[in-house]
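We use all heavy atoms of the structure for the numbers below, so side chains are in, but hydrogens, waters and symmetry mates are not.
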Amino acid sequence: MATLQYTGVFALLIAEIFVFVLLILPMPTRWKRAMITWSSRSVVAQRVLYAVRIAFGFILLLFCDAVMRLRKVEQEKHKARLVDEHALCQMKVQMFYAQRNTYLTGITMFLGLILISTHSLIAQLVAGDGTGSASTTPRLATSGPGSSKAENERLKGQLADVRKELEELKKKDRDMETLKKQADSSHKEYMRLADECEGLRKKLGAASESKKDA
């Protein structure tokens with residue numbers, strides 16, 4: 001019975017190795033996406049995963065039993081001093097089977113955890129690639145002849161707006177130059193009038209002084 005159980009564990013280990021190699025095998029993203037999608041949505045795959053989880057529970061029990069048997073055999077080996085070759089050989093056989101069962105169940109559980117993590121990681125990566133390709137599809141779809149014509153019309157409209165703004169800026173520059181010239185002429189006229197006013201003041205001051213002297 002025990003041999004049949006560990007034979008099933010070994011078969012599960014081979015199946016895990018096969019699936020792990022299938023996951024890390026280089027293949028087109030489309031195939032890998034289809035495989036991951038099938039394993040995530042298929043009813044058969046979900047039932048298989050459920051059965052594997054139950055099997056992992058039994059494997060955990062077998063692992064604990066194998067560890068206990070291994071410790072028991074080691075304790076008996078240290079306590080008993082066997083002289084008979086047949087008894088010594090029997091003890092070594094028990095030790096071998098206990099170690100084999102421990103390694104077999106432990107590696108099966110460890111590889112199962114690695115397989116689950118690898119499946120989740122690849123599913124996330126494939127989902128990210130699918131999202132990226134889906135986001136780039138509209139861009140590719142809008143790069144046809146119709147979109148090129150619309151793009152040209154949009155660029156022409158933007159160019160017309162830029163030209164209009166440039167003309168307005170040039171007009172403002174001309175108005176600014178006109179205002180600057182008017183300001184310069186006004187300043188010159190103001191200075192001229194100020195000089196004339198100052199001259200008149202001096203003449204009036206001189207006339208008033210001459211009258212006082214007379």
Side-chain angles (χ1 to χ4, degrees), residues 1-140:
M1 183 65 180
T3 305
L4 182 61
Q5 293 174 355
Y6 289 110
T7 302
V9 174
F10 181 73
L12 182 60
L13 178 61
I14 296 299
E16 289 178 353
I17 294 173
F18 175 76
V19 174
F20 185 76
V21 172
L22 190 64
L23 286 176
I24 64 174
L25 193 67
M27 65 176 64
T29 307
R30 180 168 54 88
W31 296 358
K32 188 165 290 187
R33 185 184 298 114
M35 182 178 64
I36 296 297
T37 304
W38 178 82
S39 63
S40 301
R41 299 179 180 179
S42 176
V43 179
V44 177
Q46 294 298 324
R47 290 179 179 177
V48 171
L49 290 176
Y50 182 74
V52 169
R53 290 173 183 174
I54 296 176
F56 276 169
F58 287 108
I59 292 173
L60 180 61
L61 295 177
L62 291 175
F63 176 75
C64 296
D65 181 70
V67 171
M68 292 176 61
R69 286 179 181 274
L70 181 61
R71 293 186 61 183
K72 182 178 179 181
V73 172
E74 288 180 351
Q75 290 176 359
E76 291 179 354
K77 180 180 178 182
H78 289 297
K79 289 180 181 179
R81 295 182 179 180
L82 300 177
V83 181
D84 188 8
E85 293 182 358
H86 179 72
L88 184 60
C89 182
Q90 188 69 23
M91 182 68 69
K92 289 183 179 180
V93 169
Q94 292 179 1
M95 176 73 71
F96 170 76
Y97 281 121
Q99 291 177 350
R100 183 206 64 177
N101 297 336
T102 303
Y103 296 150
L104 179 62
T105 52
I107 290 173
T108 302
M109 289 191 300
F110 182 70
L111 185 58
L113 294 176
I114 293 178
L115 186 61
I116 294 172
S117 301
T118 305
H119 180 274
S120 301
L121 181 61
I122 294 176
Q124 293 176 3
L125 292 175
V126 170
D129 292 339
T131 305
S133 61
S135 62
T136 55
T137 300
R139 298 180 183 177
L140 295 176

Who are the side-chain contact (heavy atoms from CB on, under 4.5 Å) partners of F96, not counting sequence neighbours?
none
Please report the closest heavy-atom contact between T108 and E16, naming both atoms and the distance.
O-OE1, 3.0 Å
Distance check, rounded to the nearest 0.5 Å: F20 atom CZ versus L25 atom CG?
11.5 Å
Supply the atom-to-atom distance L13 CG to M109 CE, rounded to the nearest 0.5 angstrom.
12.0 Å
Are I14 and F10 packed together at the side-chain level, in the sense that at least one heavy-atom pair is separated by less than 4.5 angstrom?
yes
For the residue pair T105 and T102, what are the closest heavy atoms and their distance?
OG1-O, 3.1 Å
Has Y97 got more than 12 heavy atoms of other residues, nucleotides or ligands less than 6.0 Å from its OH?
no
Could you pull out all residues at least two apart from L113 that satisfy side-chain contact (heavy atoms from CB on, under 4.5 Å)?
none
Interatomic distance, Q5 atom CD to L62 atom CG [nearest 0.5 angstrom]:
5.0 Å
Looking only at heavy atoms, what is the nearest atom pair of G112 and F56, with distance?
CA-CZ, 3.7 Å
Any side-chain heavy atom of F110 within less than 4.5 Å of one from I107?
no
How long is the gap from OH on Y103 to CG on L70, to the nearest 0.5 Å?
7.0 Å
